[in-house]
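Scroll down for the structure; my scribbles are underneath it.
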Amino acid sequence: MDMMKVAATEKPSLSSPSALASTIKFIQIPKSETFLQPTLEQTRQTHALTVKTHFNVTKFSPSAQFNFLITSYTKNSQPHCALDIYTYLRRMDYEVDNFMVPAVLKACSFVSNTQLGKEIHGFSVKNGLTEDVFVSNALIQMYSECDSVVSARLLFDNMYERDAVSWSTMIRCYVRSKFYMEALEMIRKMQILQIRPSEVAMISMITLFADLMDVEMGKAMHAYVTRNLEKMSVQLTTAFIHMYAKSGNLASARLLFNGLNQKTVVSWTAMIAGYIHCYKLEEGMKLFARMIEERIKPNEITLLCLVVECSFVGALELGKQLHVYILRNGICLSLALATALVDMYGKCGEIRNARAVFDSVKDKDVMIWSAMIAAHAQTHCIDQAFDLFVKMMEYGLRPNQVTMTTMLSLCAETGALDMGKWIHTVIDRQAVEMDTILKTALLEMYAKCGDIDGAWKLFREVKDRDIGVWNTMMAGLGMHGCGKEALELFSEMEREGARPNDITFIGLLNACSHAGLVEEGKLIFEKMVHAFALVPKIEHYGCMVDLLGRAGLLDEAYGIIKSLPIRANSIIWSALLAACKLHHNIVLGEMAARQLVYLEPQNCGYNVSISNIYAVANRWNDVAEVRKAMKNKGMRKEPGLSCIEVNGYVYEFIMGDKAHPEIEKINDMVSEMGNKLKEAGYMADTSAVLRNIDEEEKETALNYHSEKLAIAFGLISTAPGTPIQVVKNLRVCKDCHTATKLLSKIYQRVIIVRDRKRFHHFRDGTCSCGDYW
């Protein structure tokens, strides 16, 4: 597409401002997808006004005049006009000097035009302009703004000369792209070379320490600034306020804030956002009200920052108040602000409000669609999320990595393998860039949807594996009971020189627990502490209690709890309680339950667990007491829920479900399944029914467990031989486990069940867990 048409075929003279104005009027700005173009008449009026205002009263050279034009348009948020003038000059063979290039590169940054930026880079190299440090710094900044970190670093490494701005620009580039270790390395090299950082570099460093929540490094930076500067600027002080607040040190942040003689809107925003970030919502709102009282009008950035923080901490009421403030004061709801509101409402489960904001936006981009899709995913509305995804593509919007990661996570959560595979196909067809986050999401989807072979295949195709990819594959193997394979993969990871982190060992310990590899798990724990010098967290101790408890080593598990260097939390005690329930240890179970009720009095799951332990021991009076206490507190047991994907749709069942449109056919299949099970010698394990009712009622209750209804629906809805996959929110009971083994043999089906803890692959009357779960 031609960027412009020129009415004159000869190069016009630019000897005077009036000649320059005449020349500009020949430029015709076309409609372009790259830039937000004004109309031709608006563009000509703007050009004429600029020329009239500035050039009729000055005596600049033509080159200086064009430099001024390009800079003016860029500063006045009209980068497209600046780039059009530059393109015109290049076509007319006018000289482009080292003053014009940085201004044009800034315009490229504003519209993320990396292609033109690269062309200017090539032109600058060819004409020797990159020898000017000012030009090279501008190129680094352009690559940084266009998310081309590798290009920025290559340019930095090949610079003839570097100044403090070069270093600060490169550090800011790394911080902006969240390459924190690289940024820290740049800071270290600056110190070695004794390069005094500029204020911009200092602010970038403070931002880095804030993102890392490294308050000690932040304090050291604060001390350096205090020693070397007579007075801190408002910008530096605000950066420190943000760093201290984000690190949870509100007292230091507020001290700096109170000490500011002239507070900017950014300073107020940093302090208020800090309160929200630290869950001090009341203080945050008081400060926001005081800001309004002092006639400091919050701008879009302020409101955007505060809404994002509300989203982060789930502060729904505060988020609503900010939304009301926006509406009452007639503040323009920009696309960024609308997206933040949709995200905030979605994360707080307010799908109706999220949809209202979404529908109010006319020109939606891919980010607000992604936020709306994520809102539905947050509330487990899988069908609505997929409908939105399809509509987004019908509108011609190309999904990005955020959209795809959200969709894959939703598929992983619900076990929708067919949908997940379709999303994988869309990623390939749409040529969505596959970064490590998206690759990890794909890997997790295959693993959590039961296709561990597909996960393995994808893992082997990934060449640039980071620790997240390794951890996801090991955790996936652990979920499928492949403990030995997970340990072998860990050995391979060590051979390739990848350093494990604390998440790696949580995955490995879980893998050992699900596979009954007690001694191997103990060795892994020792290796974590002694070989890799990692301090065990509460989650690691929880894994060890679970590992020992599943194996029936309850005394040893309790011994770990008694010797803990930190206070046991609900993770530890719930692991012990689950083991006591499995092995019918009432004494330890009662003690664990008491601790859990004390720690989390509103969590009914622990009351249910101790009630079940009493029921197994036929202590029905104790069962009644526990359930009476639950009723008095308004607690309700979480119902069993099973999902199954059939023909691209996910269906949900609860125990005794009667809502499904094909419930009669499902019930008929349940009866058939029951008859065939009895013919195969199956005897119902009524100990799984923890209610004081007769045996016949218990057998009937077992028949209508949610996973059996889902399996029945799968049998009548899919072709013979098709695998059936069910996702359950609770652990599979012993009776359903036994029955499903037999059903896999009777109907010659592979039945895959994912419960709260792990996968069960039923095939020909056996289960992959080896009856160890």
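Source: prediction; values computed, not measured. What you see below is based on every heavy atom in this structure, not just the backbone, and it leaves out hydrogens, waters and symmetry mates.
The salt bridge (charged side-chain N to carboxylate O under 4.0 Å, His left out) contacts involving residues 286-299 comprise Glu282-Lys286, Arg290-Glu294, where partners must be two or more places apart or lie in separate chains.
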*Would you sort out whether Tyr345 and Ile351 count as a side-chain contact (heavy atoms from CB on, under 4.5 Å), showing the intermediate values?*
CA-CA 6 Å; Tyr345 281 125; Ile351 197 74; over 6 Å; no

*Would Thr379 and Gln384 count as a side-chain contact (heavy atoms from CB on, under 4.5 Å) if you check the C-alpha gap in whole Å, the side-chain angles of each, and the deciding distance to 0.1 Å?*
CA-CA 10 Å; Thr379 51; Gln384 293 90 329; over 6 Å; no

*asked:* What verdict does the side-chain hydrogen bond (donor to acceptor under 3.5 Å, both in side chains) test give for Arg153 and Tyr143, after you've listed the backbone C-alpha separation in whole Å, the side-chain angles of each residue and the deciding distance to 0.1 Å?
replied: CA-CA 9 Å; Arg153 183 57 192 262; Tyr143 281 124; over 6 Å; no

*For Phe653 and Val726, run side-chain contact (heavy atoms from CB on, under 4.5 Å): C-alpha distance rounded to whole Å, both residues' side-chain angles, the deciding distance at 0.1 Å, then the answer.*
CA-CA 10 Å; Phe653 293 90; Val726 176; over 6 Å; no

*Report the C-alpha separation of Met291 and Thr302 in whole Å, then their side-chain angles, then the decisive distance to 0.1 Å, and conclude whether the side-chain contact (heavy atoms from CB on, under 4.5 Å) test is met.*
CA-CA 11 Å; Met291 176 184 176; Thr302 304; 4.2 Å; yes

_Check against side-chain hydrogen bond (donor to acceptor under 3.5 Å, both in side chains), Ser409 and Thr406_ = CA-CA 5 Å; Ser409 298; Thr406 300; over 6 Å; no

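Counting only heavy atoms from C-beta outward, the side chains of Tyr649 and Phe386 never approach each other to under 4.5 Å. Considering only heavy atoms from C-beta on, Ile427 comes within 4.5 Å of Leu408 through its side chain. Residues Arg172 and Met186 form no side-chain contact, since every pair of their non-hydrogen atoms from C-beta on lies 4.5 Å or further apart. A 4.5 Å side-chain heavy-atom check between Met344 and Leu341 finds at least one atom pair inside the cut-off. For the pair His277/Lys246, a side-chain contact is recorded, criterion being any heavy-atom separation below 4.5 Å from C-beta on. Side-chain contact between Ile423 and Met404: present, with at least one pair of heavy atoms (C-beta onward) separated by less than 4.5 Å. When side chains are defined from C-beta on, Arg176 does not count as touching Val149, because their heavy atoms never get closer than 4.5 Å. A heavy-atom distance below 4.5 Å is not found between the side chains of Cys108 and Thr114.
Expressed to the nearest 0.5 Å, how far CD1 of Ile272 lies from OG1 of Thr269 amounts to 6.0 Å. In this structure, Thr207 OG1 and Asp211 CG are separated by 7.0 Å, a value rounded to the nearest 0.5 Å. If you take SG on Cys643 and CD on Glu652, they are separated by 4.5 Å, rounding to the nearest 0.5 Å. Thr440 contributes atom OG1, which lies 11.5 Å from atom CZ of Arg465 (distance to the nearest 0.5 angstrom). Rounding to the nearest 0.5 Å places OG of Ser204 at 11.5 Å from CE of Met202. Between atom OG1 of residue Thr339 and atom CG of residue Leu335 there is a gap of 4.5 Å, rounded to the nearest 0.5 Å.
Note: Phe389 and Trp369 fail the aromatic proximity criterion, with ring centroids not under 6.0 Å apart. If you look at Tyr325 and Phe288, their ring centroids are closer than 6.0 Å.
With salt bridges taken as basic N to acidic carboxylate O contacts below 4.0 Å, one links Asp502 and Lys537. Under a 4.0 Å N-O distance rule, the pair Asp435/Lys439 does not qualify as a salt bridge. Contact check on Glu145 versus Lys106 returns no salt bridge, with no Lys/Arg side-chain nitrogen under 4.0 Å from an Asp/Glu carboxylate oxygen. Ion pairing between a basic and an acidic side chain is recognised when a charged N comes within 4.0 Å of a carboxylate O; Asp387 and Lys391 show no such pairing.
Ser360 contributes a side-chain N or O that, together with a main-chain N or O of Val357, makes up a donor-acceptor pair within less than 3.5 Å. Using a distance-only test at 3.5 Å, with no hydrogens or angles considered, no donor-acceptor pair links the side chain of Arg754 to the main chain of Val727. Remark: side-chain polar atoms of Glu645 are paired, donor with acceptor, to backbone N or O of Asp418 under 3.5 angstrom. At distances below 3.5 Å, at least one donor-acceptor pair connects side-chain atoms of Ser642 with backbone N or O atoms of Glu707. Asp365 places a side-chain N or O within 3.5 Å of a backbone atom of Ile368 that can act as its donor or acceptor partner. Side chain of Gln401 to main chain of Glu433: a donor-acceptor pair is present (N/O by atom type, distance under 3.5 Å, no hydrogens or angles). A donor-acceptor pair is defined here as one N or O able to donate and one able to accept, closer than 3.5 Å; no such pair exists between the side chain of His424 and the backbone of Leu442. Side-chain N or O atoms of Asn329 include none that pairs as donor or acceptor with a backbone N or O of Ile331 at under 3.5 Å. Side-chain N or O atoms of Gln725 include one that pairs as donor or acceptor with a backbone N or O of Cys449 at under 3.5 Å. Ser574 places a side-chain N or O within 3.5 Å of a backbone atom of Ile571 that can act as its donor or acceptor partner.
In this model, no donor atom of one side chain and acceptor atom of the other lie less than 3.5 Å apart for Tyr244 and Arg254. Between the side chains of Asn471 and Asn501, at least one donor N or O lies within less than 3.5 Å of an accepting N or O. Between the side chains of Glu300 and Ser334, at least one donor N or O sits under 3.5 Å from an acceptor N or O. In this structure, a donor-acceptor pair under 3.5 Å is absent between the side chains of Thr472 and Glu444. With hydrogens and angles left out, the side-chain atoms of Asp428 and Thr425 include no donor and acceptor closer than 3.5 Å.
Here the closest non-hydrogen pair linking Cys411 and Met445 is CB-CG, 3.9 Å. Ala239 approaches Ile206 most closely through the heavy-atom pair O-CG2, 3.3 Å. Residues Val175 and Ala183 approach most closely at CG2-CB, 4.1 Å, considering heavy atoms. Contact between Ala245 and Gly274 at its shortest, heavy atoms only, is CB-CA, 3.5 Å. Taking both residues in full, the closest heavy atoms of Asp343 and Ser311 are given as OD2-OG, 2.8 Å, listed atom of the first, atom of the second, then distance.
A cation-pi arrangement, defined by a distance under 6.0 Å to the six-membered ring centre and an angle within 45 degrees of its axis, is absent between Lys364 and Tyr395.
Around CZ of Arg460, the count of heavy atoms belonging to other residues, nucleotides or ligands within 6.0 Å exceeds 12.
For the side-chain contact (heavy atoms from CB on, under 4.5 Å) criterion with Phe257, the lone passing option out of Thr237, Thr238, Leu287, Leu250 is Leu287.
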